[in-house]
Every structure is written in structure tokens, then in C-alpha cells.
Asker: 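To start, I am sharing the structure in question, which I have written as C-alpha cells.
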2 protein chains.
Amino acid sequence: MSSHAPIGRKVTLNDIAAGCDVSRATVSLVLRGSPLVHKLTRARVEDELRRQGYVYNRAAANLRRRSSSSIALILNDLANPFFAEFAAGVDEALGAAGFVTLLGCTGESAEREQAVLGSLLEHGPGGIILSPAERSNAHDVLAVVGRRAPLLLFNRELGGTLPEFAHWDQLMLDNQHGARLATEHLIARGHRRIAFFGGHHDSSSCRQRHAGYVEAMHTARLRTEPDWRIECAPTRLDAAHRASALFDATHTPTAAVCYNDAVALGLMLGLHQRGLRPGQDFALTGFDDIAEAALGMPSLTTLSTAPHERGRQAAQLVMQRLQQPQAASCQTIAPVQLVVRESSCPPPTA
Amino acid sequence: MSSHAPIGRKVTLNDIAAGCDVSRATVSLVLRGSPLVHKLTRARVEDELRRQGYVYNRAAANLRRRSSSSIALILNDLANPFFAEFAAGVDEALGAAGFVTLLGCTGESAEREQAVLGSLLEHGPGGIILSPAERSNAHDVLAVVGRRAPLLLFNRELGGTLPEFAHWDQLMLDNQHGARLATEHLIARGHRRIAFFGGHHDSSSCRQRHAGYVEAMHTARLRTEPDWRIECAPTRLDAAHRASALFDATHTPTAAVCYNDAVALGLMLGLHQRGLRPGQDFALTGFDDIAEAALGMPSLTTLSTAPHERGRQAAQLVMQRLQQPQAASCQTIAPVQLVVRESSCPPPTA
DNA sequence: TCTCGCTTTTGGAACGATCCAGAACGGCAC
DNA sequence: GTGCCGTTCTGGATCGTTCCAAAAGCGAGA
């Protein structure tokens, strides 16, 4: 009753050819819409394809054509909405172009990244979109990827630059500029003691955002205390735990530029638990503009990165590279935009 | 300088065989760890594999073996953290077992679902995990999938049951029981006028949750007004917009059982905008226990579904089916657990 | 009828792996 | 030397497609 019938032998080109009395080659031409086949023949073949329920075997075709119809997407953290939306954008654009997305998650582990890269490469992707794990480095990635597929680096740079590095395309966010904008905004609001909260110094994007913060502070002739640089994992949970570190400083800050939205939302919670009202007693900004940012209480001032759109862009860049393997490698820096909301209040004393 | 060198011809079994003077067949045996090859031969071959930087071509192997090493994962909405975490769980378990995840997003469109299914099938996945779009129906899915791969239905049932339906495995959440628990909890807190907020009646999971709510209300001999059933898309944004509908009712409710966490968080925002404090002036519950639920202000009482774990489970179920294609189809209902937090306060008048 | 040129069709060799039947080898007993 | 056995290795066919060179079909003009 509920047992599965045996999966019947797959229908192949030969079956179709036999079914309507033409050669395998002709059926193949029909499938690919060649103008060489006669109208009537085409119609007969197409009927037969439908009748037998034929499904194209792309793997076999790719083998013969030495082509590929898939792109590997390797992410450090799918649970982060920023990457989830990015992935949705990648898949949308790839799917529209007839490519299929091979997914791989690394969970911020460089070892898993190696394993995942190796495994996905065996499936012969035409290209790779890689958002590297925090400790990932160029040498190891090069060792496993080599010249087997073009690579697009997203969001973070890799540690340990190599000569071959120039062969990889890059799609980065304008981290330094964005953090600078956020910091300038807080300064304009009247803050003088501003912390930089969250992220690890291992990550290039974090270093860049920190640099933007420092740049803005120095330009405004404001000091930056070592106490005002608080590291934590780029997750809500860890940020909430580390919130208290802000108030261990000798000069306690009145505002914080956060590494990203996840960290900022976590910090809000941490402040809340200390009896402080974010957006009233303490100002903060995020980075990424994930969906929750607009809906938080208070809503979060942040830098919009349009992750879905970045995903589509990444897909475009990889497909472009497939068409022109010899073109010079490109380094794209996506602009970010300051979105002012409630969390970036003036300091309470002002 | 920064131009790409031509991607060299791929290293194949033949190259390795020639390189260490054995036959192609022997190299193949080495790759698969066969005990038939002599220890010394094995060592020589393995050296050569490393020396030439060989990468296994799984597509070619699968073609000959008529096997598959991939599973298709088709989701209605990756931007929802519930599904993103589910996807991470699926990928984790599949990756550990040597499978690769073929990703496809449908964006709640049944047409896209058809297209995505068709496209992914051409890559010959060994199985399919499908979280259907809202309007998806069994007939259309059967027409494109047929017997070409075993299918696991996740989270939602399909409209329009068919005789062949029994061939598909299912992994569902215990929606009715969960919603009942949430409703009973609110009743125990002292609420009498409770609404059911969000979701569409098209979705089987929504109907089940609503049924659980009705069950609890009737068991407690409480009335349910038609005004207290407010539909909206299962997203934060739409829920926020529809919040006011709660107060159009003749008897305004003091609490709401929400379709899921996204809706509940959106409703919180909507309440906030009306000057009501969720968790103080109005009680609500969610469903899913996504990461934000614990961190909200107030934190959200909800039903824990452990999406990451559900993902791993889904992967296990599909792989199990691959090993035993003939076994009876299984319908798994994953338990859910009530997590009481701040949002489910007693009614203000109590 | 024969040849030319154009359209349409075709057989067989790839692609890179696996499978299978049997070969080569060495040792050991007769 | 011969037969037998177990271990180790191998050539060729095969999976489902594409490519290519060449064949077949067909009017028209000589």
C-alpha cells in the first residue's frame, strides 16, 4: 500500500530516439534547439519527449562538454540573516541564469572550510563564491582550489596574501567608509566618548570598520581609549554578555559603533539588562541593515548593505568571470548607506 | 600581471595511471580504498595522486555507477531565520555524510517551485527535501518529480491529496498541540479574550495551529469570535501593519496566539506603535523559537521547534530513504515545547 | 540520367569514471 | 615440469550525453 514502487530505469536519449525512429544525435539537437532539424522531426521528437517523461541529464552533458552548470556557495554562517539574505540573492540570480547553487556551510571553522571546498570541488562547480571563515588563509584555500575554478571572495579578505592572490575576484563592502559615517553621525549628535564594540581583530572587515571609526575620531580631534575597543564574537549572544565591559572603562563611553547589527542588537539586550535604555541613555549604531534593524525597539541606526542585492551581484560577477576567464580580476567595493533611526540618540547630558 | 592563466586540462585517472605505470582500473581501486591492491602499489599511486593534484570527478563516477551524491533542498523563504537555521542543519548533516546540498529558493511562489524542482532534477539529486510554497499542490509536484527521486515534505502539507501521496515521507511539526499549549498557557494566566493572529488559511501548518487554538478555547468553554482571527502574510512587516485589526473587534482581545515568531515580533512592533507595551498591556506568544525570540524586549513566549535539529533530522530521513527505497513511507511529527518568557503576561485588569 | 549544392540526419568516438571477466604472477605440492 | 590456488592487476565495455565528419535525401539544372 504505502511501499515504494521501484524507481524505473531512467529515460534516456536512446529511448526517445528509438521511440520516434530517429538517431540519438537528432534528439540531442532538438533538445538544444538547433536550427538544423526539420520542423516536423522536431515536433515528433518533442511529443515523444513529453510522452516518455524525459528528464535531461545535465551531469552527462557536462561531462562530455567539459562545462559546468553549478556554482559553489560557501558561507561562514547561514544562521546570520545577513548571509541568509545574501544566499537567497545568489540563488535567485544563479537560478535565473540556469545555474544551480551548491551550498556549503563552514560555521566559522577554517578546517571545515577546507573540507567543504574539497568536497564541493569534486562536483565540478564552474565557480566559487566564498565568504571565508575568520581564521581562513589564502595559502590553504589556494592549495585546495588551485586553478580548478575561479573564486570570488565575499565580505572578508583572507589572511596571508600570496602572489597568486590577484587571480581572485573580490566583492567587499565599503567597511571603512561606513564605520566612518556612523561615527561622524554620533559625533554630530554630540557624543565625545564613543566605543567600538564587537567583532574580532582576525577579521579583515572588522579591522576596516575599526579603522573607519578611528579615522572619524581623529579627524574630529577626539581621543580613542584602549578601553573603548571591546572584542566579542559577531553574534547576538556574545555581544549581550560583553555589554558590561563598556562600563569597566575609566571614562565610560556614551555611545558605541558596533561591528554589525547582530552585535548591536545583542548589546541592546545587554544594556537593557543593566537597566539602561538603548536609544535614550546610550546611543549605538550597527552595520548591515538586516530586516530586524528597522523593527527593533528602538529601531537601529545602521549601514545598509542590501545583502540580497549583494548576493545577486556576487552571482553576476562569477558568471561574468565564467564568460571571460582571461579578463583582469576585479575588486568590487559595494557602497553602504547610513540609515538613521532611533538608536542613535544624543547623549543624555547634552 | 593580474590576468588569469588558462585553466589547465584536468588531471584524470589516465594521467595518474600513466604517471605511475599501472592501469586506470588499479588507480580507481586505490581511490575507493579497495583491499585488492598491494600495499606498495597503493603507496605509489597515492604519491602520484598528490603529485599531480588529482581531484575526483564525482559526476563521472555517478554516471557510471548510476548513483547520486547530492540532495536537493527547496525552501520557500530563506530570509526567515527558521528556514535559514533549518538549511544550516540540513547542510551540516548531509556534508558529514559526504552529500552535497543543491539549494533552491521559491519565494512562496508555486510557479517558481515547479521551475526550481525541474531544474534541480536535471542534476540528478538522490533525494529532495521540500518545504512547499503556500499555494503548491500535490498534483503539480507529482507531475514534475514523479518517481525520479524520493521526496521528503517538510513543515507544510500539499494541497490536493493524490493516491500516490503515500509515497512521500513527511516531517512536520506538532502544530496543533503546540498552539493548544500556548493557548492553554494564556488561559491559565487569566486571559479570556484571545485572538489568533497571522498566517494564511492556505497553509496547512496555519490551519493546524488555528485548530489547536480553537481546541484549547473550547475545552476551556471560552468563545472564539470571528473578529479574533486575523490573517496576514507570515512576515514581520505585514504583521506590524495588521496589528490595528485586533482593536477593530467589538470585544477587543487581551492576548494573541501568533502563527509564528516572525509574526509575533511584527505584532510587537505594531503594538508599540499604538502606544501599547507588549508583555505588559497585551500578551502574545509565537511559534518556532528563532534566535531573536529569546533576545527580544520583551522576550517572546513561544514553541521551541529546534530548526537546526529539524534540519539534521530531515537530512537523516532522506538518507535513510536512500538506503531503503522500498521501506514504508514515514510520517514524522516532531514534538514542540512551550518556552515561557516575558511576553505572556497576565491581562492588565487581572 | 548525372552532378551539384543545400538541408537534414547519422554512426561512432569521445568525456572520466566503474565494473567485470579474465590474465599474470608467484608459490607450493605432486 | 605440471597443475592448482590465491593474490594482484588489467583491457574493454559501459553510463548518457555531445561532437564531428560524413552520408543521405532532394530538387534543379545540364
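We name chains A, B, ... by the order of the sequence lines, and we start the count at 1 in each one. Fair warning: this is a prediction, and the values are worked out from it, not measured in the lab.
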Asker: Compare all side-chain heavy atoms of A:L103 with those of B:V100 and state whether any distance is below 4.5 angstrom.
Answerer: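 No; the side chains remain at least 4.5 Å from each other.
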
Asker: Is there side-chain contact between B:I74 and B:I129, with at least one heavy-atom pair below 4.5 Å?
Answerer: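 Counting from C-beta outward, B:I74 and B:I129 never come under 4.5 Å.
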
Asker: So A:F82 and A:N155, side chain to side chain contact (heavy atoms under 4.5 Å, CB included) or not? Walk me through it.
Answerer: CA-CA 11 Å; A:F82 174 71; A:N155 192 47; 4.0 Å; yes

Asker: Salt bridge check, A:D47 against A:R44: does any charged N sit closer than 4.0 Å to a carboxylate O?
Answerer: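 Answer for the salt bridge query: no.
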
Asker: What's the spacing between A:D77 CG and A:S109 OG if we round to 0.5 Å?
Answerer: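 A:D77 atom CG to A:S109 atom OG measures 12.5 Å (nearest 0.5 Å).
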
Asker: Anything under 4.0 Å to a heavy atom of chain A counts; send over the first and last such nucleotide of DNA chain C, read 5' to 3'.
Answerer: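 Counting from the 5' end, contacts occupy C:dT8 to C:dG16.
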
Asker: Can you check whether B:L75's main-chain N or O pairs, donor with acceptor, with B:S131's side chain at less than 3.5 Å?
Answerer: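 No; zero donor-acceptor contacts below 3.5 Å.
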
Asker: Testing A:R135, A:E134, A:E113 for side chain to side chain contact (heavy atoms under 4.5 Å, CB included) with A:E108, which one passes?
Answerer: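 Exactly one pass, corresponding to A:E134.
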
Asker: Answer with base, sugar-phosphate or nothing: what part of the nucleic acid does A:R58 contact at a heavy-atom distance below 4.0 Å?
Answerer: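 Nothing, no nucleic acid heavy atom in range.
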
Asker: Closest nucleotide of DNA chain D for B:A60 versus for B:D21: which of these residues is on the 5' side?
Answerer: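 The residue whose closest nucleotide sits nearer the 5' end is B:D21.
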
Asker: So which one's nearest nucleotide on DNA chain C is more toward 5', A:A25 or A:K39?
Answerer: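 Of the two residues, A:K39 wins.
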
Asker: Which sits closer to the 5' end of DNA chain D, B:R66 or B:T41, going by the nucleotide each is nearest to?
Answerer: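 Closest to the 5' end, via its nearest nucleotide, is B:T41.
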
Asker: Walk along DNA chain D from 5' to 3' and tell me the first and last nucleotide with an atom closer than 4.0 Å to a non-hydrogen atom of chain A.
Answerer: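 Listing 5' to 3', DNA chain D meets chain A from D:dG16 to D:dC19.
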
Asker: Over all strands shown, is B:T26 touching base, sugar-phosphate only, or nothing at heavy-atom distances under 4.0 angstrom?
Answerer: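 B:T26: base contact, heavy atoms under 4.0 Å.
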
Asker: Enter the distance from B:I128:CD1 to B:L121:CG here, rounded to the nearest 0.5 Å.
Answerer: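 Going from CD1 on B:I128 over to CG on B:L121, the span is 4.5 Å.
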
